[in-house]
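Reckoned from all heavy atoms, side chains included, excluding hydrogens, waters and symmetry mates. Each chain gets a letter, A, B and so on, in the order its sequence line appears, and its residues count up from 1.
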2 protein chains.
Amino acid sequence: MGESEAILKILEKSPVFENCEPTSLTQFVAQSNIISVEKGQILFVHEEPAKRFFMVLGGWVKLFRETLDGSQAIIDILPAGHLLGETSVFDDNKYPYSAEAVEQTKLISIPLNLLKSEIDDNPKMASAMLYHMAKVRRQQDRELEHLVVQNAPQRIGCFLLRLTNQREEGPAKIQLPYDKSLVAARLGMQPETFSRALSKLKEATGLEINGSTISLNNVRQLIEFSCAACSSEFPCKDLKSKASCATQ
Amino acid sequence: MGESEAILKILEKSPVFENCEPTSLTQFVAQSNIISVEKGQILFVHEEPAKRFFMVLGGWVKLFRETLDGSQAIIDILPAGHLLGETSVFDDNKYPYSAEAVEQTKLISIPLNLLKSEIDDNPKMASAMLYHMAKVRRQQDRELEHLVVQNAPQRIGCFLLRLTNQREEGPAKIQLPYDKSLVAARLGMQPETFSRALSKLKEATGLEINGSTISLNNVRQLIEFSCAACSSEFPCKDLKSKASCATQ
DNA sequence: CGAGGGTTTGAAGTGCATCAAATAGTGTGG
DNA sequence: CCACACTATTTGATGCACTTCAAACCCTCG
């Protein structure tokens, strides 16, 4: 399969692009290309003029900001299927965060001006983008809330729950998607704190830890422990997509 | 002046509505009304089906969420000129937070379905809404960052700076817009912590406290103290509007 | 003047960060 | 297949920031 066909297939299935006119979609495909970035490579930097945006195909991309005094705040770590930099069109054409590949990662690179003109010309696309942005905002809201009201063990519990298939509450076995220290950073805590907090969670909810594999024996108990300090009941739909929405 | 004319004048000047077709604007005005809510009154509750959205005319409105275990996370406290509930159109027609009047407050109440149809029918309106949502998101981003990377005295300093006219760096005298304990909650800390942190800030930057009046003698020093732990340089444009964008 | 809020101050506790060191895991070249 | 080097993770000890609980203070307003 040629690269163009591959890109076409993926974009067609994406919520943001599915409302695109076929002719516009062809344009998107024509001006896009698949890129591969190595672990640790920077994709773009906060405030840099934005020319292109991206969709993750495989691997993981870390979104973050750096303060003047050098510390780093991680905004999110995106799996396959997620867009990054797409909101720059409305942000003065500057990237609102920096992005770095956490491991070898493949992405589709798409010109922003094309997105801009499609939004301007096609009301359906504008509408899709509005829903998309609202969704991103909801996730951001939840993220903020978690940081403020949940303590470290609760945040980990919440993270684990989001990694499960949230339909059923039976025992589940989970693989951490990336290094523990990266999970820690993602959850806004130090690796040492993560380690200790995970032990506490084990005490409190009876889960089992085996390297990067975690067995949830008592999901109900985990929910009670973690979701108490949250404004929404357990199957937190908005966040589910965060970890599981994949293109492939 | 009649109520309708008053509403018209205000909406015309608002960034979101200025692109409205005159005929649509007339519709908005016809179906809107000015309401007055008392201190402590709840305007709407998180997750409640959303029928109307609001623009603050005077007073203050607190946006917040409550966790299952009862604690409250304050999202923002809106002054005149700000919209609330307007994004519900894209949020499953549910309010994404609760809203309460902090004091006697006047608002314009506008039907959401009107907003929805105007966005669907008028590309300019859709575009205005996209920019609006991007702006809201940027502010939210900054809020998140502050909570994570700034300590209590720095957050207060940052809050004070946002209350000043950010053009000039000369000495400034500020009135806290509402009770200290509310400012504390707004900044995500306890009243006691606020009190102590403000004293520390006084030590560190030489400001003077007099009840709810605060004199900034050395703005430069305050900037250096507060903005070190932030990803953006001082005149933080996105946030300025937050405290000062008024309709009147 | 006295009641009741908001605010400050004190003392003690908690949670997380930091620094330091031990341990486990992983991949490499021999 | 083993030994080594290197990294990720855990564990321990200590410190700091913020919270909590309690009491005093202060201000305003009936």
Side-chain angles (χ1 to χ4, degrees), chain A residues 39-40 60 62 67 69-74 102-104 146-159 175-204 207-214 225-226 228-229, chain B residues 39-40 60 62 67 69-74 77 102-103 146-159 175-204 207-214 225-226 228-229:
Chain A
K39 172 173 177 165
W60 296 88
K62 178 175 85 173
T67 60
D69 61 8
S71 64
Q72 202 176 72
I74 294 195
V102 164
E103 51 182 70
Q104 147 95 339
H146 287 164
L147 271 174
V148 175
V149 297
Q150 293 187 323
N151 61 23
Q154 286 171 331
R155 289 211 294 283
I156 296 176
C158 181
F159 183 82
Q175 269 297 111
L176 292 181
Y178 29 80
D179 282 356
K180 284 183 179 175
S181 43
L182 193 56
V183 177
R186 167 69 229 281
L187 299 177
M189 64 186 81
Q190 299 304 310
E192 296 95 327
T193 303
F194 179 85
S195 176
R196 286 185 250 258
L198 189 54
S199 307
K200 267 192 196 166
L201 197 62
K202 181 179 166 184
E203 295 301 307
L207 51 77
E208 274 168 53
I209 310 165
N210 209 312
S212 69
T213 308
I214 294 175
F225 180 87
S226 303
Chain B
K39 172 173 176 163
W60 295 89
K62 179 175 87 175
T67 60
D69 61 7
S71 65
Q72 203 176 69
I74 294 196
I77 294 179
V102 164
E103 53 182 73
H146 286 164
L147 271 174
V148 175
V149 297
Q150 292 186 323
N151 62 22
Q154 286 172 330
R155 290 212 293 282
I156 297 176
C158 180
F159 183 81
Q175 270 296 112
L176 291 181
Y178 30 79
D179 282 356
K180 283 183 181 175
S181 41
L182 193 56
V183 178
R186 168 67 230 283
L187 299 177
M189 63 186 83
Q190 302 303 312
E192 297 96 326
T193 303
F194 179 86
S195 176
R196 288 186 249 258
L198 188 55
S199 307
K200 267 192 196 167
L201 198 62
K202 180 178 166 184
E203 296 300 307
L207 50 79
E208 274 168 52
I209 309 165
N210 209 313
S212 69
T213 308
I214 294 175
F225 181 87
S226 303

How many whole angstroms separate atom CD1 of A:I214 from atom P of D:dT9? 11 Å
Nucleotides 9-23 of chain C: protein proximity per nucleotide (B base, S sugar-phosphate only, - neither; heavy atom, under 4.0 Å): BBB----SSBBB---
Between B:T67 and B:D69, do the side chains contain a donor N or O and an acceptor N or O under 3.5 Å apart? yes
Could you write out each protein N or O paired with an N or O of nucleotides 23-28 of chain D at a distance under 3.5 Å?
none

A:L198 CG to C:dA24 P, straight-line distance once rounded to whole Å: 17 Å
To the nearest angstrom, the NZ-C1' distance between A:K180 and D:dT10 comes to 9 Å
Side-chain touch B:R155/B:L147, heavy atoms, less than 4.5 angstrom: yes
How many whole angstroms separate atom CD of A:E103 from atom C1' of D:dT7? 16 Å
Regarding B:T213 and B:Q175, is there a side-chain donor-to-acceptor distance under 3.5 Å anywhere? yes
Heavy-atom donor-acceptor pair, B:Q154 side chain to B:F225 backbone, under 3.5 Å: yes
What are the two closest heavy atoms between A:V149 and B:A73, and how far apart are they? CG1-CB, 4.1 Å
Is there a donor-acceptor contact under 3.5 Å from the side chain of A:S199 to the main chain of A:S195? yes
Distance in Å, B:K180 NZ paired with B:I214 CD1, rounded so as to fall on 0.5 Å steps: 6.5 Å
Pairing residues for B:Y178 by the ring-ring contact (aromatic ring centres under 6.0 Å, His included) criterion, not counting sequence neighbours: B:W60
